[in-house]
Amino acid sequence: MAPSNSQSARPSLLRYIAMVILALIILVGIAVLITWLVLRPKNLVYSVEDAAIHNFNLTDANHLNSNFEFTIRAYNPNRRVSLYYDSVEVSVRYEDQTLATNAVQPFYQGHKNVTRLQVRLAAQTVALFGNVPKDLKLERTSGDIELDVWIKAKIRFKVGKWKSDHRTMKIFCSSVLVKFNRSKTFQRTPCHVEL
């Protein structure tokens with residue numbers, strides 16, 4: 001008994017659909033590869049280049065008043081990709097407790113560009129918990145303090161005239177050793193970037 005025309009047409013139709021899907025996957029893959037080869041995207045590089053503490057005062061009631069200053073270096077090593085930083089929030093932490101937070105003005109960073117951000121954060125009567133007051137006093141007497149700097153930014157990439165949607169970038173600079181005595185040299189601290 002010979003197969004009907006509808007049964008023999010079904011496998012050829014499925015084979016045709018599978019070939020079209022495979023061709024689309026290959027074309028998308030080639031497009032992504034060409035885009036990557038043209039742009040050759042490189043990771044953004046951030047570091048803390050300088051830091052200072054002013055008016056450090058830890059009260060008997062375990063409240064902190066202090067001013068923190070950081071110079072953050074943002075390097076975009078890409079030749080064809082530039083960035084819009086639409087919002088940037090910087091916070092300084094000690095032992096997982098936030099001491100101060102501040103926003104940085106939005107800015108544009110061109111390709112192959114180094115931008116230095118001067119960030120000032122003020123801790124005003126910040127209540128400290130747990131062992132934080134005791135540890136801060138100990139580090140104060142040693143002459144320096146180890147802080148973490150967190151940066152959260154909403155960014156957009158620009159390639160030619162094309163601009164991407166917003167993406168959230170998180171930058172974590174751990175163990176920034178800030179000296180109370182400015183005559184001592186500051187050791188540059190690299191940061192970890194998550195996109």
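All values reported here derive from a predicted model rather than from experimental measurement. Position 1 is the first residue of the sequence; numbering continues from there.
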- Query: Of the non-hydrogen atoms in Lys179 and Thr185, which two are nearest, and what is the gap between them?
  - Reply: CE-O, 3.2 Å

- Heavy-atom distance under 4.5 Å between the side chains of Thr98 and Trp150, does that happen here? no

- Query: Excluding sequence neighbours, so at least two apart, what forms ring pair (Phe, Tyr, Trp, His ring centres under 6.0 Å) with Phe157?
  - Reply: none

- Does Tyr84 share a hydrophobic cluster with Val88, counting links as ILVMFWY side-chain heavy atoms below 4.5 Å and allowing steps through other members? no

- Do any N or O atoms from the side chain of Asp148 and from the backbone of Ser175 form a donor-acceptor pair under 3.5 angstrom? yes

- Task: Please say whether more than 12 non-hydrogen atoms of neighbouring residues, nucleotides or ligands are located less than 6.0 Å from CG in Asn102.
- Result: yes

- Applying the side-chain contact (heavy atoms from CB on, under 4.5 Å) test to Val178, which of Thr189, Asp144, Val149, Leu147 qualifies? Leu147

- Message: Looking at Asn78, is its backbone amide N or carbonyl O close enough to the side chain of Asn76 to form a donor-acceptor pair, meaning the two atoms are under 3.5 Å apart?
- Response: yes

- Item | Greater than 12 external heavy atoms within 6.0 Å of Gln105's CD | no

- Message: Are Thr59 and Asn57 packed together at the side-chain level, in the sense that at least one heavy-atom pair is separated by less than 4.5 angstrom?
- Response: yes

- Query: Can you list the steps and then say if Lys163 with Lys158 is a side chain to side chain contact (heavy atoms under 4.5 Å, CB included)?
  - Reply: CA-CA 4 Å; Lys163 294 175 190 167; Lys158 181 183 177 209; 4.1 Å; yes

- Quick one: are Met169 and Leu195 in side-chain contact, heavy atoms under 4.5 Å? yes

- Side chains of Ile171 and Leu44: closer than 4.5 Å at any heavy-atom pair? no

- Taking all atoms of both residues into account, what is the closest heavy-atom pair of Thr101 and Glu89, and its distance? CG2-CG, 3.6 Å

- Query: Can you name the salt bridge (charged side-chain N to carboxylate O under 4.0 Å, His left out) partners of Glu49, sequence neighbours left out?
  - Reply: Arg73, Arg116

- Message: Is it the case that atom CD in Gln97 sees more than 12 heavy atoms from other parts of the structure closer than 6.0 Å?
- Response: yes

- Message: Within a 6.0 Å radius of atom NZ on Lys170, are there more than 12 heavy atoms belonging to other residues, nucleotides or ligands?
- Response: no

- Item | Test item: Ile72 and Val119 side chains (from C-beta on) under 4.5 Å apart, heavy atoms | yes

- Query: So Phe56 and Phe180, would you call those rings parallel, tilted or perpendicular, with 30° and 60° as cut-offs?
  - Reply: perpendicular

- Task: Using a 4.5 Å cut-off on heavy atoms from C-beta on, say whether the side chain of Asn65 contacts that of Asn55.
- Result: no

- Specify the closest pair of heavy atoms between Leu121 and Val90, including all atoms of both residues, with the distance to one decimal. CD2-O, 3.2 Å

- Side chain proximity check, Val92 to Phe70, heavy atoms < 4.5 angstrom: yes

- If we only count heavy atoms from C-beta on, is the Arg120 to Glu69 side-chain gap below 4.5 Å? yes

- Message: Tell me whether the rings of Tyr85 and Phe107 are parallel (<30°), tilted (30 to 60°) or perpendicular (>60°).
- Response: parallel

